[in-house]
Protein chains: 2
Amino acid sequence: MNNHTESEENYIKALYHLGGEGAVASGALANRVGAKGPSATQAVRRLASKGLVEVIPYKGVKLTLDGLTLAKHILRKHRLWETFLVEKLGFGWEEVHPIAEQLEHIQSRELVEKLADYLDSPVHDPHGDPIPQADGKIPPATGKPLQKFSQGSSLKVVRVEDAGTDFFTQLDLLEISLGKEYTLTSVSSFDSSIQLQAEDGESFWLSHSMSSNIYAISL
Amino acid sequence: MNNHTESEENYIKALYHLGGEGAVASGALANRVGAKGPSATQAVRRLASKGLVEVIPYKGVKLTLDGLTLAKHILRKHRLWETFLVEKLGFGWEEVHPIAEQLEHIQSRELVEKLADYLDSPVHDPHGDPIPQADGKIPPATGKPLQKFSQGSSLKVVRVEDAGTDFFTQLDLLEISLGKEYTLTSVSSFDSSIQLQAEDGESFWLSHSMSSNIYAISL
DNA sequence: AAATAAGTTTAGGCAAAGCTAAACCTTTCT
DNA sequence: AGAAAGGTTTAGCTTTGCCTAAACTTATTT
Ligand SMILES: [Mn+2]
Ligand SMILES: [Mn+2]
Ligand SMILES: [Mn+2]
Ligand SMILES: [Mn+2]
């Protein structure tokens, strides 16, 4: 029930990411793990023989309960490690994903729980994504995209989408980070860009591509 | 020159462990990595094609300079992670080896150096083994086995051999740990067991099997 | 010097994981 | 309904990594 290869775990994680508990097309799966169609079909067969997925040929693949549990456990490890890398080792939030991609496959229950303790049982990772807990429960994903806010509202940034290195670099340039508070001072009806005013009075414009990947809660 | 599989790295590490810069027989190598002879022969051919080892058929295998550098880097990672697990996460020194065996394969130069910084650039791991430094230099292995000391000498434990879980359990039972100081009060000429007296006055006997895996320096 | 023992390599398999090209379903369009 | 398009699976091949049995070297013993 336990020992899985790195490849298997990556397929499981992809399945979870794409479909949650629902069915996923083999093409999408292949795409997500960076493989070609036939490789995914085959991989999925191996997973099925281990009881981690259910397959309906030509229709789609779906995680079983065991598969779902595994997926959440891997995600837990991934996000705990990202938290460690940022909080303890001083990495930037744009650097940690590829390293966590490796660390998420380390197998040791004790390690995961000791790491969680060491980090004070965090509920969100450095990007604001919820960390699945040891019991499998997942804290709700908080915040809504900036465009959903109306002019004049006060908000706090709580999460950002992983939209690539350039996105993070831009966030750093604008000194946007989790926990920061702003007032939405203006919305362009031309290109949907928005203007934020920071607490120190400075204000700046954000393109739609930027703001759609930034999530906040209203204050 | 860089990307190596976990299996490759394990062979490299084994080669270093068994022979350092010298030649190693394929049987011993196979034995060390937990494989059979033919698997080692084949693995070694793959390593040779990558320039990491030199082979003389029927004679032995030897690390090249590249191979040696890689071996030391892996060992560095292994021992840094062990240090992290004990110092930061609170693992016992008997638990960390198998986990470090996985962590040593994580690939990220930046991670290794950030981890080393975080641990204050340690020179020895939790078992007292020297940690290869970023420049490839290896601090000298300190201490000599307890039997090498003569009756009456004062000593400090600085290193223990990894002689399996039971050995560590016994050390914990006797409350022996790195840095502890003792006086060697007696040596049995019958079975080479020795008697140590701790600083608090308590004294106890150590079998030859125990003492031969414990290293100390004289005070 | 020849025979035996011990250790190493070759030969032939197998599973995981990937690929391309070809065959096969499904869905959609005419 | 029939045909074209799009996506999925099958077929056949490759590399890594490990295995057993058989052949081959080297070292040791008589
Ligand atoms: Mn991530
Ligand atoms: Mn991964
Ligand atoms: Mn170790
Ligand atoms: Mn290893």
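So that the names make sense, note that chain A is the first sequence line, chain B the second, and so on, each numbered from 1.
Nucleotide C:dT26 holds its P atom 12 Å from the CD1 atom of A:I56, rounded to whole Å. What separates CG of A:L29 from P of C:dA17 is a distance of 13 Å, to the nearest Å. One atom, NZ of A:K50, and another, C1' of C:dA15, lie 11 Å apart when rounded to the nearest Å. Residue A:N3 contributes atom CG, which lies 13 Å from atom P of C:dA16 at whole-angstrom precision. The interatomic distance linking A:N31 (CG) with C:dG18 (P) rounds to 14 Å, in whole Å. Rounded to whole Å, atom P of D:dT15 lies 22 Å from atom CD of B:E6. One atom, CG of B:L47, and another, P of D:dT15, lie 17 Å apart when rounded to the nearest Å. Between B:N10 atom CG and D:dT16 atom C1' there is a gap of 14 Å when expressed in whole angstrom units.
B:E113 and B:R76 are joined by a salt bridge, as a carboxylate oxygen and a charged side-chain nitrogen come within less than 4.0 angstrom of each other.
Which of C:dT10, D:dA27, C:dC19 sits closest to the side chain of B:T41 comes down to C:dT10. The side chain of A:Q42 lies closest to C:dA17, out of C:dT8, D:dA27, C:dA17. Checking C:dC19, D:dT20, D:dT9 against the side-chain heavy atoms of B:K36 singles out D:dT20 as nearest. Comparing D:dT9, D:dT26, D:dC18 by their nearest atom to the side chain of A:P57 picks out D:dT9. Nearest to the side-chain atoms of B:P38 among the listed nucleotides C:dA11, C:dG18, D:dT8 stands C:dA11. Closest approach to the B:R46 side chain among D:dT8, D:dT16, D:dA27 is made by D:dT16 (side chain taken as heavy atoms from C-beta onward).
Using a 4.0 Å cut-off, no side-chain N or O of A:S7 falls inside it from OP1 or OP2 of C:dA16. Phosphate contact (OP1/OP2 of C:dT10, side-chain N/O of B:R45, threshold under 4.0 Å): present.
Of the possible donor and acceptor atoms, none in the side chain of B:K72 sits under 3.5 Å from a partner among the backbone N and O of B:I138.
Within 4.0 Å (heavy atoms only), B:A43 reaches no atom of the nucleic acid at all. Note on A:S39: a base of the nucleic acid sits closer than 4.0 angstrom, heavy atoms only. Using a 4.0 Å heavy-atom cutoff across all strands shown, B:A25 reaches sugar-phosphate atoms only and no base atom.
Side chain to side chain, A:S193 and A:D191 meet the donor-acceptor criterion of an N or O pair below 3.5 Å. Between the side chains of B:S211 and B:Q147, a donor-acceptor pair is found at a separation under 3.5 Å.
Toward the 5′ end of DNA chain D lies the nearest nucleotide of A:A28, the other residue of the pair A:A28 and B:T5 mapping further downstream. With the nearest nucleotide of DNA chain C identified for both A:Y58 and A:E8, A:E8 has the one nearer the 5' end.
Minimum heavy-atom separation, A:L178 to A:R159: CD2-N, 3.6 Å. Between A:P130 and A:P140, the closest heavy-atom pair is CB-O, 4.4 Å.
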